[in-house]
Amino acid sequence: MATERQVWRLRRRPVGEIRDGDLTFEREALPDLAEGQFLLKILYISLDPTNRIWMSDAEGYMPPVGLGEPMRALVAGRVVASRKPGVAEGEIYSGLGVFADAMITDGQGLNRLDLPKGLSLATAFGALGMVGPTAYFGLLDIGRPKAGETLVVSAASGGVGQVVGQIGKIKGCRVIGIAGGPEKCRYIVDELGFDAAIDYKNEDVGARLDELAPNGIDINFEQVGGEIMQAVVARMSRFGRMPLCGLISGYNDVQPADWPGQWALVLMRRLTIQGFIILDYFDRYPEAIRDLVGWMAEGKLKTRQDVRDGLDRAVEHLNSLYTGGNFGKLLVRVSPDAEG
């Protein structure tokens, strides 16, 4: 059994981008297991936009990480020692954890992860841990897609976006993805089956939307915010729906941005805009997993994971998320034997 671990701790709240010294990488001793606890060897850490929110002391859906505390993250790991009834060595658990290579836990916030046949741990954790259910419930419950409607997905090559677009196609929508760079745009069209892609780094998003959706946009699955969101909202049809999943373009802003000139559009076009957090749907996870795994088995749903090695570089990898540097669901592989 491990007697120490490596861990990232939050030392000061970032102002703007995450900088050296905001978090520190440390080695520390692990206490002995108490009754009702188990030791989880962390194999993968999920890097998500919400990591930056948790570092802030602004209002959020969970309390911020306290200064001096281990940085919070979604993790997947293998049980290496257990004093908790019902938890056996060798089992895989995923859920709420920390930026570390090991953690002692009573299991709160964690669930056993039984790998579907034919899926690696990286694929199962990356696609089913949070992003798949986020895409599933956001699009189906809030977006309410109907065959023949036009769906626009921002951050379309990322973990959530790639799943949203494919579910949209399964439901008969015409899907337009917005992504950064020709490679990502080719991927979502050629590999994932999106009908069209807009390269926001090299194209005028508004002008391209006018070409691709001349009759308006019925659903905007929003993850980015800022100018891209404004361009899409300006072209939404009456009674359009906007599941609001994230506003990643502004997470490093020192001053919060407003939404100039668009509230009148919301009123006149009777748009429905609903923010949501995946924890709202926790009790319905089995429904999402059932359908997602089924679509994957049928070849209707593909996912791409962007796996980076090295816990010691986790914060560096996290920063790439806010500049569009990831291609697929961003994971840190903590242990070289993660799939063993």
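Note that these values count all heavy atoms, side chains included, but never hydrogens, waters or copies made by symmetry. Counting from 1, the numbers follow the sequence of the chain as shown. All of these numbers come straight from a predicted model, not from anything done at the bench.
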- Message: Do V164 and Q223 make a side-chain contact, defined as non-hydrogen atoms from C-beta onward lying under 4.5 Å apart?
- Response: no
- Message: Is it the case that atom CG in D20 sees more than 12 heavy atoms from other parts of the structure closer than 6.0 Å?
- Response: no
- Item | Ring center gap for Y93 and F38 short of 6.0 angstrom | yes
- Message: Could you tell me if S46 and D48 have a donor-acceptor pair between their side chains, going purely by distance under 3.5 Å?
- Response: yes
- Any donor-acceptor pair under 3.5 Å linking the side chain of R13 with the backbone of M55? yes
- Query: Roughly how far apart are F282 CZ and L279 CG, rounded to 0.5 Å?
  - Reply: 8.0 Å
- Item | Shortest non-hydrogen separation from T24 to R11 and the atoms involved | OG1-NE, 3.2 Å
- Looking only at atom types and distance, does a side-chain atom of R72 sit under 3.5 Å from a main-chain N or O of L96, one as donor and one as acceptor? no
- Query: R269 side chain to M236 main-chain N or O, any donor-acceptor pair under 3.5 Å?
  - Reply: yes
- Message: Restricting to non-hydrogen atoms, name the atom on L330 and the atom on S320 that form the minimum distance, rounded to 0.1 Å.
- Response: CD2-OG, 3.9 Å
- Message: Under a 3.5 Å distance rule, please check whether R9 uses its side chain to pair with a backbone N or O of G68 as donor and acceptor.
- Response: yes
- Task: May I have the step-by-step check of side-chain contact (heavy atoms from CB on, under 4.5 Å) for V79 and L40, ending in yes or no?
- Result: CA-CA 5 Å; V79 179; L40 193 71; 4.1 Å; yes
- Task: Would you mind checking if D195 and K169 are paired as a salt bridge, meaning a charged N to carboxylate O distance below 4.0 Å?
- Result: yes
- Y136 versus I289: any side-chain heavy-atom pair under 4.5 Å? no
- Any donor and acceptor pair, going by atom type alone, linking the side chain of N319 with main-chain N or O of I18 inside 3.5 Å? yes
- Message: What's the separation between atom CZ in R241 and atom CD1 in I219, rounded to the nearest 0.5 Å?
- Response: 4.5 Å
- Should P49 and L321 count as side-chain neighbours, where that means a heavy-atom distance under 4.5 Å? yes
- Query: Any donor-acceptor pair under 3.5 Å linking the side chain of Q262 with the backbone of Q230?
  - Reply: yes
- Query: Is the side chain of W54 donor-acceptor paired with the backbone N or O of A73 at a distance under 3.5 Å, no angle test?
  - Reply: no
- Task: Would you check, one step at a time, whether the test side-chain contact (heavy atoms from CB on, under 4.5 Å) holds for L139 with K171?
- Result: CA-CA 10 Å; L139 181 61; K171 297 301 179 180; 5.7 Å; no
- Note on the structure: Interatomic distance, CD1@I176 vs CD1@I217, rounded to 0.5 Å, equals 6.0 Å
- Message: As an exercise, state the distance from CD of E222 to CG of L244, rounded to the nearest 0.5 Å.
- Response: 6.5 Å
- Taking all non-hydrogen atoms of both residues, which atom of S157 and which atom of K184 are closest, and how far apart? OG-CD, 3.2 Å
- Message: Nearest 0.5 angstrom please: T134 OG1 to F276 CZ, how far?
- Response: 6.0 Å
- Item | Working for side-chain contact (heavy atoms from CB on, under 4.5 Å), residues I104 and L39 | CA-CA 5 Å; I104 290 176; L39 175 63; 3.8 Å; yes
- Task: Take Y187 and F327, measure what ring pair (Phe, Tyr, Trp, His ring centres under 6.0 Å) needs, and give me the verdict at the end.
- Result: CA-CA 10 Å; Y187 172 72; F327 191 167; 5.3 Å; yes
- Message: Quick check for you: to the nearest 0.5 Å, what is the distance between S120 atom OG and L115 atom CG?
- Response: 8.0 Å
- Message: How close do D306 and G325 get, counting heavy atoms only, and between which atoms?
- Response: OD2-O, 4.3 Å
- Query: Given side chains that start at C-beta, do those of K41 and L43 come closer than 4.5 Å, heavy atoms only?
  - Reply: yes
- Message: Does this structure show an ion pair linking E211 with R208, if we count only N-O contacts that are shorter than 4.0 Å?
- Response: yes
- Message: Applying salt bridge (charged side-chain N to carboxylate O under 4.0 Å, His left out), can you list everything that pairs with D106, at least two apart in sequence or on another chain?
- Response: none
- Taking the side chain from H317 and the backbone from N326, do they hold a donor-acceptor pair closer than 3.5 Å? no
- Just checking, R284 and F137: is the charged tip under 6.0 Å from the six-membered ring centre and within 45° of the axis? no
- Query: Do the non-hydrogen side-chain atoms of V131 and T303 ever get within less than 4.5 Å of each other?
  - Reply: no
- Query: If Ile, Leu, Val, Met, Phe, Trp and Tyr residues are connected whenever their side-chain heavy atoms lie under 4.5 Å apart, and connections chain through other members, are V7 and L311 in the same group?
  - Reply: no
- Message: Looking at E149 and K146, would you say the former's side chain and the latter's main chain have a donor-acceptor pair under 3.5 Å?
- Response: yes
- Are any non-hydrogen side-chain atoms of R304 and E191 less than 4.5 angstrom apart? no
- Which is it for V163 and L292 under the side-chain contact (heavy atoms from CB on, under 4.5 Å) test, yes or no, and what are the steps along the way? CA-CA 9 Å; V163 179; L292 292 166; 4.1 Å; yes
- Message: Are the side chains of F99 and L10 in contact, using a 4.5 Å heavy-atom criterion?
- Response: no
- Item | Distance-minimising heavy-atom pair for L318 and L47 | N-CD1, 3.6 Å
- Query: Is D199 reaching over with its side chain to a backbone N or O of G180, donor-acceptor style, under 3.5 angstrom?
  - Reply: no
- Message: Take a 6.0 Å sphere around CZ of R238 and say whether it holds more than 12 heavy atoms from other residues, nucleotides or ligands.
- Response: no
- Task: Might you point out which heavy atoms bring A231 and V205 nearest each other, and give the distance in Å?
- Result: CB-CG1, 4.1 Å
- Task: Please examine the side chains of Q305 and T123, heavy atoms only from C-beta on, and report whether any two atoms are closer than 4.5 Å.
- Result: yes
- Query: Got a salt bridge between R5 and D101, using NZ or NE/NH1/NH2 to carboxylate O under 4.0 Å?
  - Reply: no
